[in-house]
Visitor: 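I'd like to ask you about the structure that follows.
Convention: sequence-line order gives letters A, B, ...; per-chain numbering from 1. When reading the values below, keep in mind they use all heavy atoms of this one structure, side chains included, and skip hydrogens, waters and symmetry mates.
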There are 2 protein chains.
Amino acid sequence: MNVIDESGILAIATRLQRLSDQFRKDGVLIYKANGVDFEPKWFPVIYTLHLRSVLSVVEIANEIGYTHPSTISLLKELEKVKLIRSKKDKADERKRLIQLTAKGQELIEQMKPVWEVMVAALTELTTTQNNLLQAISEVEEQMKRLSLFERAKRISLTG
Amino acid sequence: MNVIDESGILAIATRLQRLSDQFRKDGVLIYKANGVDFEPKWFPVIYTLHLRSVLSVVEIANEIGYTHPSTISLLKELEKVKLIRSKKDKADERKRLIQLTAKGQELIEQMKPVWEVMVAALTELTTTQNNLLQAISEVEEQMKRLSLFERAKRISLTG
DNA sequence: CAAAACTACGTAGTTAACTACATATATTCA
DNA sequence: TGAATATATGTAGTTAACTACGTAGTTTTG
């Protein structure tokens, strides 16, 4: 991967994705090693329901920052393995209200110590001179002010 | 996306991916706005061939850090739009040697000023208190020493 | 109060990476 | 030197996100 590393910031999207993939793969291994039957991709939905208890499909999608079709397919999986259940909202028949099952809540209790280990390991790994998590937050903040595209446009005009 | 941002480091894989996606989408817009017919996903291959001129399929895959099947499908696309061409290696008949076409080289010359703008925009965006690119390099370095999984295992045992 | 606009959810198809497996050629070693 | 192993490429199928589009309720408005 020499060329990509040497090409510097131009290949930053590729490197971000590579890092994300590696974290996720190790996540699978860590859950497995701790006897927990859970996939990292489920985390955003499950964690959101852990904190908010009852939400509609679109509300979950917004919380986790995915599109609603992606969210629906995650919800289908989670319903299949009985970690969540859903019912129609009587006040608004368009809505489907989602919540954790008892099994889902038990699983969360089981995962809490694993999450603690993960937090410790991730913190150890990312507490370097330039903190990765903070760097992400800072860049997200910058993008809110002005997107990469807008910045490029401005540089093209003034350069 | 409140919950994900608030859950801190546990959702770091999700946030890395989201950032990567946003960069790539803006990349598409920037190429388009500059009248260049090029997709960001082609960058690793094209840039590698720009620097190394003739390489086999597996050599390219290693340089860009993808699996060889992924690389083959990228190469197919690039051959279709005539940015690269390939021929059998006479010294080793298993190998296919890949290189840029004249069209590919011209396109690179056309893209160079766009890349400069991108570098400037990305640098502006990511030069914050904690530098994202450096943070990525530092974490990659840490992972080489000991993977996330190994760290989690060690923490579980000693904790 | 009916038409228009909006919101919530769902399905179908696409994309860009992956793993697993198959085949052909090259190299090594008993 | 031929059998075993390794390497290079290719194909098929999977995955986890996406966009585009359709339908059914809800809200707004002329």
Visitor: Does Lys88(B) reach a base, just sugar-phosphate, or nothing at all? Heavy atoms under 4.0 Å.
Guide: nothing
Visitor: Sequence neighbours left out, what pairs pass ring-ring contact (aromatic ring centres under 6.0 Å, His included) with at least one residue falling in residues 100-147 of chain B?
Guide: Phe43(B)-Trp115(B), Tyr47(B)-Trp115(B)
Visitor: Under 3.5 Å, is there a donor-acceptor pair between the Arg15(A) and Ser137(B) side chains?
Guide: yes
Visitor: Start at the 5' end of DNA chain C and walk down; is the nucleotide closest to Pro69(A) or to Ser70(B) reached first?
Guide: Pro69(A)
Visitor: Need to verify one output field. Residue with the more 5' nearest nucleotide on DNA chain D, His68(A) or Thr71(A)?
Guide: Thr71(A)
Visitor: Using a 4.0 Å heavy-atom cut-off, does Ser73(A) contact any base of the nucleic acid, only the sugar-phosphate backbone, or nothing at all?
Guide: nothing
Visitor: Nearest heavy-atom pair of Pro40(A) and Gly27(A): which atoms, and what distance?
Guide: CG-C, 4.0 Å
Visitor: Over how many whole Å does the gap from Asp89(B) atom CG to dA26(C) atom C1' extend?
Guide: 12 Å
Visitor: Between Leu74(A) and Arg94(A), who's closer to the 5' end of DNA chain D by nearest nucleotide?
Guide: Leu74(A)
Visitor: Closest approach of Ala13(A) and Ser20(B), non-hydrogen atoms and distance?
Guide: O-OG, 2.9 Å
Visitor: Go through DNA chain D in 5' to 3' direction and return only the first and the last nucleotide with some atom under 4.0 Å of chain A's heavy atoms.
Guide: dA16(D) to dT26(D)
Visitor: Taking all non-hydrogen atoms of both residues into account, name the closest pair between Ile9(A) and Leu133(B) and its distance.
Guide: N-CD2, 3.8 Å
Visitor: Does DNA chain C take part in any stems of at least 3 consecutive Watson-Crick or G-U pairs (both distances under 3.5 Å), and if so, which ones?
Guide: C:1-30 with D:1-30
Visitor: Show me the pairs that pass ring-ring contact (aromatic ring centres under 6.0 Å, His included) and involve residues 84-111 of chain B, at least two apart or across chains.
Guide: none
Visitor: Got a sec, which residues hit side chain to side chain contact (heavy atoms under 4.5 Å, CB included) with Asp92(B), two or more places apart in sequence or on another chain?
Guide: Asp89(B), Arg94(B), Lys95(B)
Visitor: Please name all residues satisfying ring pair (Phe, Tyr, Trp, His ring centres under 6.0 Å) with Phe149(B), sequence neighbours left out, ordered by chain then number.
Guide: none
Visitor: Reckon Asp92(A) touches a base, only the sugar-phosphate, or nothing at all at heavy-atom distances under 4.0 Å?
Guide: sugar-phosphate
